[in-house]
Protein chains: 2
Amino acid sequence: MMKITKKTEYALIALKYMQSLESGSVANTTELSERHSIPRELLAKAMQQMARSGFIQTVSGAKGGYKINSDFTQISMDSFLEIMEGPLSLVICTEEHDCPIQESCNISKPLNTINAKMKLFFSNISLAEITS
Amino acid sequence: MMKITKKTEYALIALKYMQSLESGSVANTTELSERHSIPRELLAKAMQQMARSGFIQTVSGAKGGYKINSDFTQISMDSFLEIMEGPLSLVICTEEHDCPIQESCNISKPLNTINAKMKLFFSNISLAEITS
DNA sequence: TATAAATCGGACTAATTTAGTCCGCGTTTA
DNA sequence: TAAACGCGGACTAAATTAGTCCGATTTATA
Ligand code: FES
Ligand code: FES
């Protein structure tokens with residue numbers, strides 16, 4: 001359990017590789033996928049999502065691809081995971097309020113406390129710890 | 001993401017309720033499931049798993065059920081989750097060694113470091129924090 | 001001693017989530 | 001204008017999770 005999804009893993013792999021390139025240089029999805037033996041189309045989704053979120057910049061057209069955003073390493077793992085995979089929460093009632101059994105649920109409060117601590121834990125880990 | 005499974009949630013709900021009972025008293029699955037509006041058969045699986053793991057004790061036969069094990073609160077959330085849901089790991093290569101892309105994977109080491117920290121985080125949370 | 005109430009655990013189905021693919025579109029280079 | 005690239009929606013496939021069913025065993029009790 002507690003697995004990150006493949007999409008997120010691929011995103012991290014790409015980020016790490018891009019960071020090893022000369023600053024300002026452009027990497028494209030095909031190259032990234034071949035170099036790391038990961039499915040191109042799925043990686044493409046991850047790249048697009050990161051671009052939308054401002055972690056990387058799109059360079060469109062032929063010879064295009066993505067450039068890394070210089071300050072991305074300051075992003076916390078908490079934010080990164082939430083953007084790539086949605087809210088970090090141990091139970092649904094952390095996010096929504098329509099937990100079907102919440103009335104009779106006796107562990108909602110303590111779990112939400114632990115959840116907050118867990119988020120804090122991940123917010124203290126920067127992407128730089130992974131990609132540098 | 002990072003959700004615990006329903007089975008684990010049901011297990012915790014049952015534990016918490018059982019702890020509120022007079023010590024030594026027996027609770028059965030039907031009662032627990034009705035009281036908390038959770039699927040009986042699925043809860044039953046959770047109870048059986050906890051019994052096998054020694055968190056609770058089976059009282060078999062008619063008028064049977066489960067008794068809580070006095071020292072269960074000392075269990076860490078890390079152990080509990082691993083027993084209920086398997087290894088806590090952000091990526092498969094934490095558990096096994098046959099990660100298909102591990103050769104070309106550039107983030108395996110840092111993720112494993114973070115994973116170890118995460119396990120430490122959960123090992124510092126006791127079940128008592130949830131069920132007391 | 002028969003019956004009912006309970007756990008046990010395997011096998012099964014259904015639902016949900018994750019993984020991966022396909023394709024038509026817009027943009028830019030050459 | 002053709003080729004190389006990202007965009008994003010729609011789709012299928014695979015895997016995991018949730019939930020159900022049932023036959024077997026144990027025990028209390030009528
Ligand atoms: S209803 Fe959300 S933890 Fe139980
Ligand atoms: S192969 Fe395990 S993290 Fe990439």
Side-chain angles (χ1 to χ4, degrees), chain A residues 1-11 13-14 18 25-34 36-68 81 84-87 89-92 95-96 99-101, chain B residues 1-11 13-14 18 25-34 36-53 55-67 81 84-87 89-92 95-96 99-101:
Chain A
M1 66 162 311
M2 296 283 159
K3 291 262 179 318
I4 62 174
T5 61
K6 293 293 182 188
K7 195 175 69 172
T8 302
E9 181 177 352
Y10 298 158
I13 291 175
M18 289 170 79
S25 56
V26 171
N28 71 65
T29 306
T30 306
E31 175 198 348
L32 288 164
S33 76
E34 286 174 354
H36 296 100
S37 319
I38 58 190
R40 188 188 173 285
E41 298 295 330
L42 186 50
L43 172 61
K45 298 297 182 200
M47 302 305 284
Q48 287 165 30
Q49 195 161 356
M50 287 197 286
R52 276 194 301 269
S53 313
F55 297 148
I56 56 179
Q57 274 191 319
T58 298
V59 176
S60 52
K63 293 277 178 187
Y66 300 92
K67 279 194 299 191
I68 212 161
L81 290 177
M84 299 305 287
E85 316 206 352
S89 57
L90 293 167
V91 280
I92 19 168
E95 312 159 36
E96 310 161 24
C99 212
I101 60 167
Chain B
M1 65 162 310
M2 295 283 158
K3 291 263 179 317
I4 63 174
T5 61
K6 294 293 181 190
K7 195 176 69 175
T8 302
E9 181 178 352
Y10 298 158
I13 290 175
M18 289 171 80
S25 57
V26 172
N28 70 65
T29 306
T30 305
E31 174 198 349
L32 288 165
S33 76
E34 285 173 355
H36 296 100
S37 319
I38 57 188
R40 188 189 174 285
E41 298 296 328
L42 187 49
L43 172 61
K45 297 298 181 199
M47 301 305 283
Q48 286 164 30
Q49 195 160 358
M50 287 197 287
R52 275 195 301 268
S53 312
F55 296 149
I56 57 180
Q57 274 191 321
T58 298
V59 177
S60 51
K63 293 277 180 185
Y66 300 92
K67 280 193 299 190
L81 289 177
M84 299 305 287
E85 317 206 352
S89 56
L90 293 167
V91 280
I92 19 169
E95 313 158 36
E96 311 160 22
C99 212
I101 60 166

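Values reported hereafter were calculated over all heavy atoms of this structure, with side chains retained and with hydrogens, waters and symmetry mates removed.
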A:Lys3 and B:Ser89 side chains, donor-acceptor separation under 3.5 Å: yes
Sugar-phosphate, base or nothing in reach of A:Arg40, heavy atoms under 4.0 Å: sugar-phosphate
What is the distance, rounded to the nearest whole Å, between atom CD1 of B:Ile92 and atom P of D:dA15? 12 Å
Give the minimum heavy-atom separation between B:Leu32 and B:Ala14, together with the two atoms involved. CD1-CB, 4.2 Å
Euclidean distance, atom CG of residue B:Leu32 to atom C1' of C:dA5 [Å, nearest integer]: 15 Å
Between atom NZ in B:Lys67 and atom P in C:dA6, what is the gap in whole Å? 17 Å
Closest to the 5' end of DNA chain D, once B:Glu85 and A:Glu41 are matched to their nearest nucleotides, is A:Glu41
Separation of D:dC7 atom C1' from A:Gln57 atom CD, nearest Å, is 16 Å
Output the rounded distance in Å from NZ (A:Lys3) to P (C:dT18). 13 Å
Categorize B:Thr30 for me: base, sugar-phosphate, or nothing, with a 4.0 angstrom heavy-atom threshold over every strand shown. nothing
May I have the list of side-chain donor-acceptor pairs in residues 43-52 of chain B shorter than 3.5 Å, sequence neighbours left out?
from	atom 1	to	atom 2	distance (Å)
B:Gln49	OE1	B:Lys7	NZ	2.6
B:Gln49	NE2	B:Ile83	O	3.0

Taking all non-hydrogen atoms of both residues, which atom of A:Ala11 and which atom of A:Met84 are closest, and how far apart? CB-CE, 3.8 Å
Which atom pair, heavy atoms only, marks the closest approach of A:Val26 to A:Glu31? O-OE1, 4.4 Å
Which nucleotide in C:dT7, D:dT17, D:dG6 has an atom nearest any side-chain atom of B:Thr29: C:dT7
Does a nitrogen or oxygen in the side chain of A:Arg52 sit under 4.0 Å from OP1 or OP2 of D:dG8? yes
For DNA chain D, what residues of residues 42-50 of chain A have any heavy atom nearer than 4.0 Å? A:Lys45, A:Gln48
Protein proximity profile, nucleotides 25-30 of chain C - base contact B, sugar-phosphate-only contact S, no contact -, cut-off 4.0 Å on heavy atoms: --BBS-
Under a 3.5 Å distance rule, please check whether B:Glu85 uses its side chain to pair with a backbone N or O of B:Thr5 as donor and acceptor. yes
Whole-Å distance between D:dT17 C1' and A:Met1 CE? 12 Å
Indicate whether any N or O donor in one side chain lies under 3.5 Å from an N or O acceptor in the other, for A:Arg40 and A:Thr29. no
B:Tyr10 has a side chain; which of D:dG19, D:dC7, C:dG20 sits nearest to it? D:dG19
Once you round to the nearest 0.5 Å, how far does CD1 of B:Ile4 lie from CE of A:Met2? 8.0 Å
Within the structure provided, determine whether B:Tyr66 and B:Thr58 are in side-chain contact (heavy-atom separation under 4.5 Å). yes
Take atom NZ of A:Lys7 and atom P of D:dG8, then tell me their distance rounded to the nearest Å. 12 Å
Could you tell me the separation between the CG atom of B:Asn28 and the P atom of D:dT27, rounded to a whole number of Å? 16 Å
